[in-house]
Amino acid sequence: MIREARAIDAAAVIALWHACGLTRPWNDPAADFARALEGAASTVLVAESESGLCGSVMIGDDGHRGWVYYLAVAESARRTGLGRALMAAAEDWLRARGCPKIQLMVRDTNVEALGFYAALGLEPQGVVTLGRFLND
């Protein structure tokens, strides 16, 4: 079952993100989760099985296109189609808001994730991602 996350899901979702290697020291996953739930144009979807939370995806609409973050599937639920189902649910959520395009960022060293997204029909875009931390 895939549903929108609730605040009570935070600990389980963040634990999943850690287990899947999606967190980085410079990002606060608890703050990311809370901001996604508090925002009118973002959410986190979670997948549950009999054994508990087994997948998640954070999505947002920036007013121009939809973005996907933190797609995570528990090791025990991989290769079952759950990642594909979470992406389909994310696309449905964005489509319902009129987003014309979906985008996501993958570290260029994450070959497994790049292969997964390629199998879903996502293609590299001719852009360079630039950034700067705003808390300095």
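Quick note: residue numbers are just sequence positions, from 1. Source: prediction; values computed, not measured. The basis for the numbers below is simple: all heavy atoms, side chains too, and nothing from hydrogens, waters or symmetry mates.
Across all non-hydrogen atoms, the minimal contact from C99 to G66 is SG-N, 3.9 Å.
Within the 4.5 Å cutoff, no side-chain heavy atoms of W67 are placed close to those of M58.
Listed by chain and number, the residues in a salt bridge (charged side-chain N to carboxylate O under 4.0 Å, His left out) with R6 amount to none (sequence neighbours excluded). In this structure, the salt bridge (charged side-chain N to carboxylate O under 4.0 Å, His left out) partners of D92, at least two apart in sequence or on a different chain, are R95. A search for side-chain contact (heavy atoms from CB on, under 4.5 Å) contacts involving A30 returns I14, D28, not counting sequence neighbours. By the salt bridge (charged side-chain N to carboxylate O under 4.0 Å, His left out) test, D61 pairs with no residue at all, sequence neighbours left out. Looking at residues two or more places apart in sequence or on another chain, you find a side chain to side chain donor-acceptor pair (under 3.5 Å) between T43 and E4. Residues that satisfy the salt bridge (charged side-chain N to carboxylate O under 4.0 Å, His left out) test with R65, not counting sequence neighbours, are absent from this structure. Taking T129 as the reference, nothing meets the side chain to side chain donor-acceptor pair (under 3.5 Å) condition, with sequence neighbours excluded.
Its side chain within the 4.5 Å cluster rule, M87 clusters with I2, L45, V57, I59, V68, L71, V73, L82, L86, W93, L94, I102, L104, V106, L114, F116, Y117, L120, L122 among the Ile, Leu, Val, Met, Phe, Trp and Tyr residues. With side-chain heavy atoms closer than 4.5 Å counting as contact, directly or through intermediates, V111 stands alone and belongs to no larger hydrophobic cluster.
Sorted by first and then second residue, the pairs that involve residues 97-115 and meet salt bridge (Lys or Arg N to Asp or Glu O under 4.0 Å), not counting sequence neighbours, are R79-E112.
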If you look only at distance, which donor and acceptor atoms sit under 3.5 Å apart when one is on a side chain in residues 32-39 and the other is two or more places apart or in another chain?
from	atom 1	to	atom 2	distance (Å)
D32	OD2	Y70	OH	2.5

What donor-acceptor contacts under 3.5 angstrom involve side-chain atoms of residues 15-23, with partners at least two apart or in another chain?
from	atom 1	to	atom 2	distance (Å)
W17	NE1	S56	OG	2.8
H18	ND1	T23	OG1	3.0

